[in-house]
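Here the structure is a predicted model, which means the values were calculated and not measured.
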Amino acid sequence: MPRCCPCATSSSPALFLLPSVPASSTSKTTSSSRVAFSPCDGASSCVSGMLRWGTRPRARCPTVAASGKDGSGTAEEEKEEDEPGFNPFGFVTDNPSSRSAIQLPAVPAEDGNVGQMLYRIEDKGREYGSYVRSGEFRWFVRETGSSDARRGTIVFLHGAPTQSFSYRVVMAQMADAGYHCFAPDWIGFGFSEMPQPGYGFDFKEEEFHKAFDDLLGTLNITEPFFLVVQGFLVGSYGLTWALNNSSKVLKLAILNSPLTVSSPVPGLFQQLKWPLVGEFTCQNAVLAERFIEAGSAYVLKLEKADVYRLPYLSSGAPGFALLEAARKVNFQDVLRRISAGFSSSSWEKPILLAWGISDKYLPLSIAEEFKKANPNVVKLEAIEGAGHMPQEDWPEKVVKALIYFL
């Protein structure tokens, strides 16, 4: 049986091919050009969509088949004949931006094997970045602006299972506006060091906090700074760090992160907690890009998907780091502390919620509920057209909101 995925082996049991990140949305964007598809309502709308955008819908259009020559054929019978058989790899192959990573040509040695894919993309995604040794670990940190920036320092923290690459455009524009910006990849994510669980780093909340404290010292960030946080798991750890270190934070901006005990937990993190299923799921090379697309109104362009895919494609370590962090976190406890901490009178620093209202994971109601708990401190800015990662979907709107707030 030919292998369709570089992370699959011939001995992989079919049972574990089914769990997957939720299906992604059906549209496409870049920061300068965005195209969104509405649900298909039949052949006519699909044809008009193809003529207008020069593309085809990802979902197969529902049609009614004509009856046979004798008029006895039914629509159901014809439909069964036309439909393809069950494809166990459908949860990854239905995504245009993932196909180059999982579908190899007839002669893969020529141009499509994993080694050559890595060679093609290994230098991508390192804009404004360099490696920094802090304590026992080697961090990958992006930096824009200069230390004498007149408006102060901003630190951007990403969530799981992504990386600081998502902030590249926002960082560049905020530097132009007069800020000194840093965006590290958390330990175990992106291009930072991937320690083996149990050998010096156990991927617990307090360890992430300590490593971040060490990094701030290494980067010589000694004065209070602006903090921007987005996303699940390690993103939440950025918020709990802020609660423990409020004197170091001037203002806090939150982009689409779980903030209340009613915040839903995506299926990915639930799957990671399951024995065996979690081990399989964490080694899906297109895990990160599928997670991003499933929470957004857009499909990633291939050049962006390459970067989010690269750590998981090049090594098993990022997947096992994510697995360990997901199994160590108690989501309800973390969310309870975040909700209570920022709603109490002990937190007085201004908070901006720059919220992508098309987020498929965290609806706008989560941000509204959080704002009601501390209305004098929290300002809510709804970002139309953006999903779970507004800094990737609409960086220009995020920059506008940040500049006004900061």
Side-chain angles (χ1 to χ4, degrees), residues 6-7 21 24 28-33 95-102 114-132 137-145 154-175 181-194 215 228 230-231 234-235 255 282-296 298-319 321-322 387-396 398-399:
C7 62
V21 179
S24 61
K28 197 171 191 177
T29 187
T30 65
S31 60
S32 60
S33 175
N95 182 1
S97 68
S98 303
R99 286 173 182 155
S100 67
I102 55 169
V114 174
Q116 295 206 14
M117 280 190 287
L118 287 172
Y119 179 78
R120 175 174 61 84
I121 66 178
E122 63 182 352
D123 294 326
K124 286 187 176 183
R126 288 174 168 81
E127 291 90 336
Y128 317 116
S130 61
Y131 285 97
V132 175
F137 304 108
R138 191 167 177 248
W139 293 72
F140 183 79
V141 182
R142 301 175 197 271
E143 179 182 5
T144 60
I154 308 175
V155 177
F156 297 87
L157 296 178
H158 69 86
T162 64
Q163 52 177 286
S164 63
F165 176 72
S166 64
Y167 287 115
R168 66 202 178 282
V169 178
V170 172
M171 291 179 66
Q173 295 185 17
M174 293 304 292
C181 304
F182 293 96
D185 285 346
W186 282 106
I187 295 299
F189 293 83
F191 300 116
S192 286
E193 187 170 345
M194 310 285 174
L215 178 64
V228 180
Q230 186 273 328
V234 285
L255 316 178
C282 78
Q283 294 304 308
N284 183 351
V286 296
L287 177 152
E289 68 195 76
R290 291 306 306 275
F291 182 83
I292 294 169
E293 290 177 337
S296 172
Y298 308 106
V299 170
L300 288 169
K301 286 288 190 179
L302 179 58
E303 59 268 20
K304 298 178 184 179
D306 279 343
V307 179
Y308 290 110
R309 177 189 310 146
L310 177 57
Y312 298 92
L313 188 64
S314 60
S315 168
L322 174 65
H388 181 61
M389 291 175 63
Q391 71 270 32
E392 182 70 79
D393 289 346
W394 282 100
E396 304 90 347
V398 172
V399 168

Distance in Å, Leu300 CG paired with Glu289 CD, rounded so as to fall on 0.5 Å steps: 7.0 Å
Distance in Å, Asp185 CG paired with Arg142 CZ, rounded so as to fall on 0.5 Å steps: 6.0 Å
Main-chain N/O of Leu157 paired to Tyr167 side chain as donor or acceptor, under 3.5 Å: yes
Minimal non-hydrogen separation, Ala321 against Gly188, with atom names: CB-O, 3.5 Å
Donor-acceptor under 3.5 Å (Gln163 side chain, Val307 main chain): yes
Test item: Ser314 side-chain N/O and Pro311 main-chain N/O as donor-acceptor pair under 3.5 Å: yes
Shortest non-hydrogen separation from Pro395 to Val170 and the atoms involved: CB-CG2, 3.8 Å
Presence of salt bridge, Arg168 and Glu392, under 4.0 angstrom: yes
Ala285 versus Arg309, closest heavy-atom pair with distance: O-CG, 3.3 Å
Residue pair Tyr308 / Ser166, side-chain heavy-atom distance below 4.5 Å: yes
side-chain contact (heavy atoms from CB on, under 4.5 Å) between Ile187 and Trp139, intermediate numbers included: CA-CA 7 Å; Ile187 295 299; Trp139 293 72; 3.7 Å; yes
Tyr128 OH to Phe182 CZ distance, which is reported to the nearest 0.5 Å: 15.0 Å
Evaluation steps, side-chain contact (heavy atoms from CB on, under 4.5 Å), between Phe156 and Cys181: CA-CA 8 Å; Phe156 297 87; Cys181 304; 3.8 Å; yes
For Tyr312, all residues meeting side-chain hydrogen bond (donor to acceptor under 3.5 Å, both in side chains), sequence neighbours excluded: none
side-chain contact (heavy atoms from CB on, under 4.5 Å) between Thr162 and Met389, worked out: CA-CA 10 Å; Thr162 64; Met389 291 175 63; 3.9 Å; yes
CD-CG distance between Gln391 and Leu255, expressed to the nearest 0.5 angstrom: 5.5 Å
Side chains of Leu322 and Phe189 in contact at under 4.5 Å (non-hydrogen atoms): yes
For the student: nearest non-hydrogen atoms of His388 and Gly231, plus distance: NE2-CA, 4.2 Å
Heavy-atom closest contact (Thr144 atom, Met171 atom, distance): OG1-O, 3.0 Å
pair Val398-Val228: side-chain heavy atoms closer than 4.5 Å: no
Contact summary for Phe191 and Tyr131, nearest pair of heavy atoms: O-CE2, 3.1 Å
